[in-house]
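Before any comments, here is the structure.
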Amino acid sequence: MKIDHVFFDLDHTLWDFEKNSALAIETIFKKHAINLDLQQFLFHYVPINIKYWEWYRVDKITQFELRLGRLKDTFQLLNYEIDDDKIIFLSEEYIEYLPKFNYLFDGAIEILDYLKPKYNLHIITNGFQEIQGNKLKNSNIQHYFDTVTNSEMAGVKKPNPLIFEYAVKEAKATKSNSIMIGDCIDADVNGALNFGMDAILFNIDTSKSYENIKQVSHLLELKNHL
């Protein structure tokens with residue numbers, strides 16, 4: 001069936017999470033005189049954050065445990081003495097500053113401009129409603145999307161099929177005339193495929209390849225599929 005609805009993930013797909021996250025952390029480190037080398041901190045923080053999000057996605061931890069644990073584990077690895085109350089405060093600061101940095105992946109605006117006249121565009125994200133809304137607004141891409149579905153609204157997170165069902169219903173679409181584009185093979189691609197929706201993996205790590213999965217390494221390559 002002809003595709004009419006294109007669903008995007010936001011973080012790591014359109015919105016350059018790692019770049020914006022690094023700038024937010026740099027800002028709070030300077031503001032609060034955290035005497036650590038930023039690159040060394042990020043070297044440990046990035047994989048720890050990914051691990052915590054994997055746990056959060058499958059409901060092994062709460063939102064609070066995600067926000068505290070990823071910073072606490074990184075500080076502990078670097079033997080930096082800091083108490084939980086200060087970490088919680090820094091975590092809140094990080095969440096405040098994160099949407100203020102709005103680097104998008106190369107080609108994001110161009111591909112949205114290309115797709116918008118041809119398709120109904122939507123977002124499905126596991127991120128938190130207020131923060132994701134600010135990211136869309138501050139990066140000036142909010143107007144491209146007819147609907148934005150987040151895990152708080154749907155009550156479940158990708159890859160749970162219920163979030164895809166919720167998003168499709170909100171978009172007045174069907175699974176057969178929709179496609180999902182995202183960076184996470186489990187949450188975005190396998191989640192959509194298991195729901196019965198077509199999917200494309202945004203895979204910037206060309207050292208990793210997945211058989212029988214549509215994938216692009218640059219957003220403008222989506223023109224070859226849509």
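- At a cut-off of 3.5 Å, with distance as the only test, a side-chain donor of N203 or Q215 sits close to an acceptor on the other residue.
- Y103 OH: 12 or fewer foreign heavy atoms inside a 6.0 Å radius.
- Cluster membership check: F164 shares its hydrophobic cluster with L162, using side-chain heavy-atom separations under 4.5 Å among Ile, Leu, Val, Met, Phe, Trp and Tyr.
- The minimum heavy-atom distance between L226 and V6, with the atom names listed, is CD1-CG2, 4.2 Å.
- Side-chain contact check for Y80 and N35: no donor-acceptor pair (N or O, by modelled atom type) lies under 3.5 Å.
- Contact between C184 and R57 at its shortest, heavy atoms only, is SG-NH1, 3.8 Å.
- Here K72 contributes atom NZ and L77 contributes atom CG; the two are 13.0 Å apart, rounded to the nearest 0.5 Å.
- Using a 3.5 Å distance cut-off with no hydrogens or angles, the side chains of D113 and Y144 do pair a donor with an acceptor.
- Relative to the ring axis of Y119, K116 does not place its NZ or CZ within 45° and under 6.0 Å from the centre.
- Contact annotation: the side chain of E26 approaches that of K30 to within less than 4.5 Å [non-hydrogen atoms, C-beta and beyond].
- Closest heavy-atom contact between A22 and L42: CB-CD1, 3.6 Å.
- Put simply, CD1 on I204 and CG on D106 are 11.5 Å apart, with the number rounded to the nearest 0.5 Å.
- The shortest side-chain heavy-atom distance between M180 and V189 does not fall under the 4.5 Å cut-off.
- For the ring pair (Phe, Tyr, Trp, His ring centres under 6.0 Å) test with F105, the passing option among F202, F17, W15 is F202; the others fail.
- Here the two rings, on F41 and F29, have centers that are under 6.0 Å apart.
- A donor-acceptor contact shorter than 3.5 Å is absent between the side chain of N177 and the backbone of I3.
- Distance check: L14 CG to L104 CG gives 7.0 Å after rounding to the nearest 0.5 Å.
- Salt bridge status for K2 with D4: present, with a side-chain N to carboxylate O gap under 4.0 Å.
- With contacts defined as side-chain heavy-atom distances shorter than 4.5 Å, the pair D183/D11 does not qualify.
- Taken to the nearest 0.5 Å, the CD1 atom of I200 stands 5.0 Å off from the CD1 atom of I181.
- For the pair K223 and E110, the salt-bridge criterion is met [side-chain N within less than 4.0 Å of a carboxylate O].
- Under a hydrophobic clustering in which Ile, Leu, Val, Met, Phe, Trp and Tyr are joined whenever their side-chain heavy atoms come within less than 4.5 Å, directly or via other members, V148 and I109 fall into the same cluster.
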Does the pair K51 and W53 meet the rule for a side chain to side chain contact (heavy atoms under 4.5 Å, CB included), with working shown?
CA-CA 5 Å; K51 178 183 69 175; W53 268 100; over 6 Å; no
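- Both I95 and I61 belong to a single network of hydrophobic side chains, linked directly or stepwise wherever heavy atoms of I, L, V, M, F, W or Y lie under 4.5 Å apart.
- Listed for the T27 side chain is a donor-acceptor partner under 3.5 Å among the backbone atoms of L23.
- Annotation: cation-pi geometry satisfied between K175 and F195 (NZ/CZ under 6.0 angstrom from ring centroid, within 45° of ring axis).
- Shown here is K60, whose NZ atom has no more than 12 heavy atoms of other residues, nucleotides or ligands within 6.0 Å.
- For the pair K169 and Y166, the cation-pi test (distance below 6.0 Å, angle within 45°) is failed.
- Across all their heavy atoms, N20 and D16 have their closest contact at ND2-O, 2.9 Å.
- Shown here for I82 and L90, the closest heavy-atom pair between the two residues is CD1-CD1, 3.6 Å.
- Around CD of Q76, the count of heavy atoms belonging to other residues, nucleotides or ligands within 6.0 Å exceeds 12.
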List the steps and the verdict of side chain to side chain contact (heavy atoms under 4.5 Å, CB included) for I131 and K135.
CA-CA 6 Å; I131 300 165; K135 289 175 184 176; 3.7 Å; yes
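- Within the model, atoms CG of D186 and NZ of K158 stand 12.0 Å from one another, a figure rounded to the nearest 0.5 Å.
- In summary, the side chains of H122 and T147 do present a donor paired with an acceptor at a separation below 3.5 Å, with no hydrogens or angles considered.
- Side-chain atoms of E165 never come within 3.5 Å of backbone atoms of P161 as a donor-acceptor pair (strictly under, hydrogens ignored).
- Residues I163 and A154 approach most closely at CG1-CB, 3.6 Å, considering heavy atoms.
- Linking ILVMFWY side-chain heavy atoms closer than 4.5 Å, directly or via other members, places L10 and L66 in a single hydrophobic cluster.
- N126 places no side-chain N or O within donor-acceptor distance of the main-chain N or O of K157, the cut-off being under 3.5 Å.
- Judged by a 6.0 Å distance limit and a 45° cone about the ring axis, R67 is positioned over the six-membered ring of F128.
- Annotation: the span from D9 atom CG to D188 atom CG amounts to 4.0 Å, rounded to 0.5 Å.
- A donor-acceptor pair under 3.5 Å is absent between the side-chain atoms of N49 and the main chain of R70, judged by distance alone.
- Panel note: side chain H32, backbone I34; no donor-acceptor pair is recorded below 3.5 Å.
- For the salt bridge (charged side-chain N to carboxylate O under 4.0 Å, His left out) test, residues two or more places apart in sequence or in another chain that qualify with E93 are K31.
- In terms of hydrophobic clustering, with Ile, Leu, Val, Met, Phe, Trp and Tyr side chains grouped at heavy-atom distances under 4.5 Å, L136 and I111 are assigned to a common cluster.
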Given side chain to side chain contact (heavy atoms under 4.5 Å, CB included), test L121 with F7 step by step and report yes or no.
CA-CA 6 Å; L121 305 183; F7 292 82; over 6 Å; no
Criterion side chain to side chain contact (heavy atoms under 4.5 Å, CB included) on H5 and V168, from CA distance to verdict
CA-CA 9 Å; H5 296 267; V168 164; over 6 Å; no
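- For the 3.5 Å distance criterion, the side chains of T125 and Q132 qualify, holding a donor opposite an acceptor.
- The pair K214-D198 meets the salt-bridge criterion, with a side-chain N (NZ, NE, NH1 or NH2) lying under 4.0 Å from an Asp/Glu carboxylate O.
- Counting only distance, with no hydrogens or angles, the side chain of N160 and the backbone of V156 share no donor-acceptor pair below 3.5 Å.
- Side-chain atoms of Y45 and S21 include no donor-acceptor pair closer than 3.5 Å.
- In this structure, the side chain of N102 engages the main chain of P99 through a donor-acceptor pair within 3.5 Å.
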